[in-house]
Protein chains: 2
Amino acid sequence: MVTNNSQHISQQFEKELQDIRSRVLALGGLVEQQVANAMDALLTGDSELAREVISFDDEVNDLELSIDEECIQIIALRQPTASDLRLVSGILKTITDLERIGDESVGIAKMAINLSEKDRPKRNYRELQSLGNHVRGMLRDALDAFARFDVEMALQVAKEDRDVDAEYEALLRQLMTYMMEDNRAVSRVIDMMWSARSLERIGDHAHNVCEHIIYLVEGKDVRHLSIEKAEKVIRGEPLD
Amino acid sequence: MVTNNSQHISQQFEKELQDIRSRVLALGGLVEQQVANAMDALLTGDSELAREVISFDDEVNDLELSIDEECIQIIALRQPTASDLRLVSGILKTITDLERIGDESVGIAKMAINLSEKDRPKRNYRELQSLGNHVRGMLRDALDAFARFDVEMALQVAKEDRDVDAEYEALLRQLMTYMMEDNRAVSRVIDMMWSARSLERIGDHAHNVCEHIIYLVEGKDVRHLSIEKAEKVIRGEPLD
């Protein structure tokens, strides 16, 4: 009887954890769409779409808060330990990064509105497109890695962040030359710089999500470690 | 006997919570010093001090990770509920923001190094000093509010963030005019902009810390609410 009962409880608990995982993926899907819309608004000068991104941020925030509450509820009621507790605390960290990605897409949307009110240069801000696609790919892969709790994939995505940073640095140098060449471009180019910075930050948050996946699957905290060290930690090799 | 035993456990638990609170304050003290040193390095062109800030970031990260582990340990072993669980989960969020403040001070230190290699304008970057002092005051008050778990003080600090944002916006406009007036100033002024942005972010994180204080003391999650709404929530007044 006790067994059936505890079995029943653990099944119930499993169900709750599954439910949370799918809600995290729903949150991930929302912020993915927010980033996509913010970039579209930026590249097409669609200020209407940009305003939608800004107003939709409330729903992103609400979903994060409700998942957060659900996690605290589970900890209080189920008192998980070991891997279950790791899962819940890893999810608490993951949703914080996802919500921040939402904030960064709002930042891009605001720049999209600024830029929609200025004459558009012939390049039409395509300089930002490749960085944007790169970061969106990272985010999508990070969410896939979360969906499958795939540590190897999480490591690969974390590696991507370096290329994103390099692409970002190169873009900044390019934008700086625009300003040196043409004073009248300054305020427009500054808006592009803030947008590029937001994209780079989104890459960082996707990287963080991957570190949380590694933590909640492997129980190894690889935050602040280089990729090489993180790999060693995961493979149980000594750090020299 | 059981009572003595559980009394003993709860005293032990209290001791652990006290220990964590003081370690959070130690972390707060470290990042406060990091911000102070980064600003000194920026304003005096002291690249040596800037390098110290960058290398010291490891200790900030290590302390955050160890407090994080300690919190998870406590949740696993003590299985706190209600206000104790809120305290621990609020602390987990607080240390994330404190660690990010450390990251932003590293960002300022990197700009300090860039700027130390360029000729210094006559204003010597004093434009950043007042924003820097403002933000450092916010951070100090946020940590005081944490030390005393003072919700009213936390609300006051959260309000400060608006003035910081306004000061930041004004500074950006000023810096923009520098670039329009003198192309040769562009790369120097961009470094100042990134520094200003980091200061503004530090203000945001101090604001977040205040929201965590309100949550862990009052059990009310006021994230994403306007100050007016947050005050109503805390006073138990209806949101209209």
Side-chain angles (χ1 to χ4, degrees), chain A residues 57-58 60-62 64-66 68-69 71-86 88-90 92-93 96-97 99-100 102-103 107 172-173 175-191 193-194 197 201 204 208 215 219 221-225, chain B residues 57-58 60-62 64-66 68-69 71-86 88-90 92-93 96-97 99-100 102-103 107 172-173 175-191 193-194 197 201 204 208 215 219 221-225:
Chain A
D57 190 48
D58 289 342
V60 172
N61 295 339
D62 292 346
E64 186 229 347
L65 289 182
S66 94
D68 189 302
E69 267 178 52
C71 289
I72 300 295
Q73 278 301 315
I74 283 195
I75 293 172
L77 299 176
R78 303 292 180 195
Q79 311 200 321
T81 55
S83 65
D84 289 335
L85 176 57
R86 230 165 49 214
V88 178
S89 62
L92 279 170
K93 293 185 167 80
T96 306
D97 281 294
E99 188 270 330
R100 298 253 166 96
D103 292 341
L172 284 191
R173 284 190 295 275
L175 293 176
M176 199 111 64
T177 59
Y178 290 173
M179 285 190 283
M180 294 177 185
E181 286 161 7
D182 178 6
N183 293 22
R184 294 157 307 167
V186 163
S187 86
R188 205 166 56 194
V189 175
I190 294 292
D191 290 342
M193 281 194 156
W194 294 133
R197 172 63 158 242
R201 296 292 302 140
D204 289 343
N208 294 346
Y215 167 75
D221 199 327
V222 297
R223 284 179 292 165
H224 316 306
L225 288 184
Chain B
D57 190 47
D58 289 342
V60 172
N61 295 339
D62 292 346
E64 186 229 349
L65 289 182
S66 93
D68 189 303
E69 269 178 51
C71 289
I72 300 295
Q73 278 301 316
I74 283 195
I75 293 172
L77 299 176
R78 304 294 183 191
Q79 311 200 321
T81 56
S83 65
D84 290 336
L85 176 56
R86 229 165 49 213
V88 178
S89 63
L92 279 170
K93 293 185 166 81
T96 306
D97 281 294
E99 188 271 330
R100 298 253 165 96
D103 292 341
L172 283 192
R173 283 189 296 275
L175 294 176
M176 200 110 64
T177 59
Y178 291 174
M179 286 190 283
M180 293 179 187
E181 287 162 5
D182 178 7
N183 293 21
R184 294 158 307 167
V186 164
S187 87
R188 204 165 55 195
V189 175
I190 293 292
D191 290 341
M193 281 193 159
W194 293 131
R197 172 63 157 241
R201 296 292 301 137
D204 289 343
N208 293 345
Y215 167 76
D221 200 327
V222 296
R223 285 179 291 165
H224 316 306
L225 289 184

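Here is the naming used below: chain letters follow the sequence lines, and residue numbers restart at 1 for every chain. Since this is a predicted model, take the numbers as computed values, not measurements. Basis for what follows: all heavy atoms, side chains included, without hydrogens, waters or symmetry-related copies.
Looking at B:Asp68, the atoms closer than 4.5 Å to chain A (heavy atoms on both sides) all sit in the side chain, from C-beta outward. Proximity to chain B is absent for every atom of A:Leu77, based on heavy atoms less than 4.5 angstrom apart. With a 4.5 angstrom heavy-atom cutoff, B:Asn208 touches chain A only via side-chain atoms. For a residue to count as touching a neighbouring chain, one of its non-hydrogen atoms must lie under 4.5 Å from one of that chain's; by this rule B:Tyr178 does not touch chain A. Proximity to chain A is limited to the side chain of B:Leu85, based on heavy atoms less than 4.5 angstrom apart.
Taking CZ from B:Arg78 and CD from A:Gln79, the interatomic distance works out to 13.0 Å, rounded to the nearest 0.5 Å. Note that CG of B:Leu225 and CG of A:Asn61 are 9.5 Å apart. Values are rounded to the nearest 0.5 Å. To the nearest 0.5 Å, the span separating CZ on B:Arg197 from CZ on A:Arg197 amounts to 7.0 Å. Of the inter-residue distances, the one linking B:Ile72 atom CD1 with A:Tyr215 atom OH reads 4.5 Å to the nearest 0.5 angstrom.
Annotation for B:Ser187 and A:Met176: closest pair CA-SD, 3.8 Å, computed over non-hydrogen atoms. Across B:Ile190 and A:Met193, no two heavy atoms sit closer than the pair CD1-SD, 3.6 Å.
For the salt bridge (Lys or Arg N to Asp or Glu O under 4.0 Å) test, residues two or more places apart in sequence or in another chain that qualify with B:Arg184 are B:Asp182. Remark: A:Asp84 engages no residue in a salt bridge (Lys or Arg N to Asp or Glu O under 4.0 Å) (not counting sequence neighbours).
A salt bridge links B:Asp97 with A:Arg100; the closest basic N to acidic carboxylate O contact falls under 4.0 Å.
The candidate with the highest count of non-hydrogen atom pairs below 4.5 Å against chain A, out of B:Thr96, B:Val186, B:Ile75, B:Asp221, is B:Val186. Looking only at heavy-atom pairs under 4.5 Å with chain A, the residue among B:Arg86, B:Glu181, B:Glu69, B:Glu99 that has the most is B:Glu99.
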